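To start, the structure itself, in structure tokens.
A quick note: this is a predicted structure, and the numbers were derived from the prediction, not measured.
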Amino acid sequence: MSTANPQPLWQPDPERIAQARITKFQAWAAEHHGAPAEGGYPALHRWSVEQLDTFWKAVTEWFDVRFSTPYARVLGDRSMPGAQWFPGATLNYAEHALRAAADRADEPALLYVDETHEPRPVTWSELRRQVGSLAGELRALGVRPGDRVSGYLPNIPQAVVALLATAAVGGVWTSCAPDFGARSVLDRFQQVEPVVLFTVDGYRYGGKEHDRREIVAELRRELPTLRAVVHIPLLGTEAPEGALEWSALTAADTEPVFEQVPFDHPLWVLYSSGTTGLPKAIVQSQGGILVEHLKQLGLHCDLGPEDRFFWYTSTGWMMWNFLVSGLLTGTTLVLYDGSPGYPDTGAQWRVAERTGATLYGTSAAYVMACRKADVHPSRDFDLSRVQCVATTGSPLPPDGFRWLHDEVREDLWIASVSGGTDVCSCFAGAVPTLPVYIGELQAPGLGTDLQSWDPSGKPLVDEVGELVVTNPMPSMPIHFWNDPDGIRYHDSYFDTYPGVWRHGDWITVTSRGSVIIHGRSDSTLNRQGVRMGSADIYEVVERLPEIKESLVIGIEQPDGGYWMPLFVHLVPGAVLDEALLNRIKQAIREQLSPRHVPDEIIEVPGVPHTLTGKRIEVPVKRLLQGTPLEKAVNPGSIDNLALLGFYEELARKRA
């Protein structure tokens, strides 16, 4: 892959660079903390990783983080895993999230949008009042610091209130979206043993109502630690017997009381897709998330009080937690609860228009679906307030960059970002002062020493290697739940390079400082020593109009050979005939490499995904290698388990 001197697709103009919060932060940090005044972002980034303690101290001062007791030092212990951040400090995440209520009581903190696409505001004062009322009721129910509080909720204002009230009392929040089935939810919640469960009676999606009362009843039966269940009547039904009414718990006019907790006190539990065994229950801290998200949202995303922040997400994905943290920068959040493509593929653009979103985040898959469906955002919607379109979930293909540039606006900041549930943040992505190159993430994040390493631990430039982070980040997990000796945590990230975080992605760090993501390193295609990420193949194959979706697997054979099948899910009416087979092979041969032309192209009834929408490559690889289904995959983590039968049957035939 050549990374030599292409022209940028977009460059911020001098005024935009001057106005960016990151520019102002750099000037201030230069004056107060010895950061470089010149050299722009590259110089600031180098300083942030070389002077890690000073950088994070500067972040807490710039954003006026309120420590109720001071910290002894920034980093007590630097070693990974187990870095100790701001020992001695106490604070509260929810207190910071509600600070804007003091100056902007009557302005919207939240804009809630359902499938009618009509925004409904919740003001800062109303949000703060509801959090105060609910936090008081949680304390009355006996919820104490460290107790777990769970939500089986869609992306609605009540979910934000419940998270903030939980954090206010020092509880530990955890949530799943209501499209998760009972088994999937129990695989997560049973691990953490919640004492309170917030639930809806159902949800609306794709123009239909989905009743979830039976699943809620099953959750109540199977979670013996519950002391209370809170009913939110989204579909208007009565509360089930023994459940508390949301309206009663949020009716009081109570000033919130914010429990001051240690910096590393747990804030929430997130779950990795957990394709084998139970999902990993990842615990992140109040202080770690607070400072990491202030940096990411306030500096990288350039968000402030005048902004409106819309990210299409569900409460079962880390991006929802990230979205809620927009409150830390005083930003108005757009909560969209509905199908991404209802009543038509342009739905998300309509929400962005109607809410005046300034930063709109979505998935790379949605951008490519719009391109395929011939959606014309700027023609059909007023997107004049949108400054930035950000994408994550999978690498945004080059065609996606071009389409956004051509169909939204030429002067559009396109931020492809990459991070993980594991850190609830980005390793690389948005920088408002840097150019955007097609197919590339702008740069590693501040304070994040992101590198590409070869198998022996040597850093690579302009070559594909493993994504590693060589210094601690405040939002790295404090631990996994039910992992008392830390073995599962260690094995997840630190077993390849001792003391260095290996994430499991193939990346290229270019000589220009940008980053290219190639897909998961544990399902990488390695033909005769030439490595390629699956994302590269998908980008080429899915340009063909007949291909709805594809899945490519590389399998090391016992005889030393290598079998690389490409599975294709066709659009209705398409036929996998000789002509289409040849066009697929030709596209890969010409646009990628002759080495990566698949050995077989096989039509499939569908491509299985995790519940957060990622194609499951490694479990399919294991099935094709003969691993039994129950050992290859955690059934509760898959969107359509029936699809795996096809791959199982294929493995049997080949054997």
Side-chain angles (χ1 to χ4, degrees), residues 64 66 68 91-114 118-145 147 149-151 153-173 175 196-200 228-234 239 243-261 267-268 286 290 305-309 315 320-321 323-335 337 355:
D64 191 23
R66 182 182 170 268
S68 48
L91 44 62
N92 187 281
Y93 170 89
E95 181 178 358
H96 291 79
L98 292 167
R99 283 199 291 194
D103 318 317
R104 297 172 41 232
D106 300 326
E107 291 176 41
L110 311 174
L111 289 172
Y112 168 56
V113 187
D114 61 16
E118 290 303 325
R120 279 167 273 175
V122 177
T123 63
W124 283 98
S125 60
E126 176 61 11
L127 178 63
R128 187 178 169 93
R129 186 198 65 71
Q130 287 192 32
V131 170
S133 179
L134 184 58
E137 295 287 354
L138 288 175
R139 286 189 174 98
L141 288 168
V143 178
R144 298 291 174 260
D147 285 348
V149 174
S150 54
L153 300 172
N155 185 13
I156 54 177
Q158 293 92 326
V160 177
V161 172
L163 184 160
L164 293 176
T166 299
V169 305
V172 185
W173 174 256
S175 59
V196 178
L197 173 65
F198 289 91
T199 71
V200 284
V229 174
V230 182
H231 173 75
I232 298 167
L234 206 64
L244 303 169
E245 285 282 10
W246 171 266
S247 54
L249 300 187
T250 53
D253 193 357
T254 315
E255 189 57 25
V257 177
F258 300 107
E259 190 76 27
Q260 299 301 307
V261 295
L267 171 62
W268 55 47
Q286 287 225 15
L290 173 65
E306 68 285 0
D307 286 296
R308 294 191 166 184
F309 181 28
T315 60
W320 181 77
N321 303 66
L323 173 66
V324 172
S325 283
L327 296 170
L328 299 171
T329 53
T331 303
T332 300
L333 308 186
V334 175
L335 309 177
D337 175 36
T355 56

Look at the side chain of [X] and the backbone N and O of [Y], then say whether any donor-acceptor pair between them is shorter than 3.5 Å.
X	Y	answer
D103	A100	no
R308	L110	no
T355	P119	no
H231	T199	no
R99	G330	no
E107	W124	no
S133	L249	yes
N92	A94	yes

So [Y] and [X], do their side chains get closer than 4.5 Å, heavy atoms only?
X	Y	result
L127	V161	yes
L141	L244	yes
L153	S175	no
L290	L328	yes
P305	T331	no
V143	V149	yes
R66	Q260	yes
L164	W173	no

Quick one: pull up [atom1] in [X] and [atom2] in [Y] and give me the separation to the nearest 0.5 Å.
X	Y	atom1	atom2	answer
L163	Q158	CG	CD	13.5 Å
N155	L335	CG	CG	4.5 Å
E126	R128	CD	CZ	13.0 Å
F309	D307	CZ	CG	10.0 Å
E245	I232	CD	CD1	10.0 Å
W268	N321	CH2	CG	4.5 Å

*Let me know which of V200, V113, L234 forms a side chain to side chain contact (heavy atoms under 4.5 Å, CB included) with D337.*
L234
_Candidates V160, T332, L98 - the one meeting side chain to side chain contact (heavy atoms under 4.5 Å, CB included) with L327_ =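 Among V160, T332, L98, the one that satisfies the side chain to side chain contact (heavy atoms under 4.5 Å, CB included) with L327 is V160.
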*Any salt bridge between R129 and E255, counting N to O under 4.0 Å?*
no
Write down the atom of [X], the atom of [Y], and the distance for their closest heavy-atom approach.
X	Y	result
T123	A105	CB-O, 3.4 Å
S125	D106	OG-OD1, 4.1 Å
P121	P108	CB-CB, 4.1 Å
T315	P154	CG2-O, 3.4 Å
A252	T254	CB-OG1, 3.3 Å
D147	G142	OD2-O, 3.6 Å

*asked:* Run the side chain to side chain contact (heavy atoms under 4.5 Å, CB included) test on Y93 and S325 for me, step by step, so that the C-alpha distance in whole Å, both residues' side-chain angles and the decisive distance to 0.1 Å come before the verdict.
replied: CA-CA 9 Å; Y93 170 89; S325 283; 2.7 Å; yes
*Could you walk me through whether H96 and D64 pass side chain to side chain contact (heavy atoms under 4.5 Å, CB included), step by step?*
CA-CA 9 Å; H96 291 79; D64 191 23; over 6 Å; no
*On the 0 to 90° scale, with breaks at 30° and 60°, tag the F198-W246 ring pair as parallel, tilted or perpendicular.*
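If you compare the ring of F198 with that of W246, the planes turn out perpendicular.
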*Steps toward side chain to side chain contact (heavy atoms under 4.5 Å, CB included) verdict (Q286, E259)*: CA-CA 11 Å; Q286 287 225 15; E259 190 76 27; over 6 Å; no
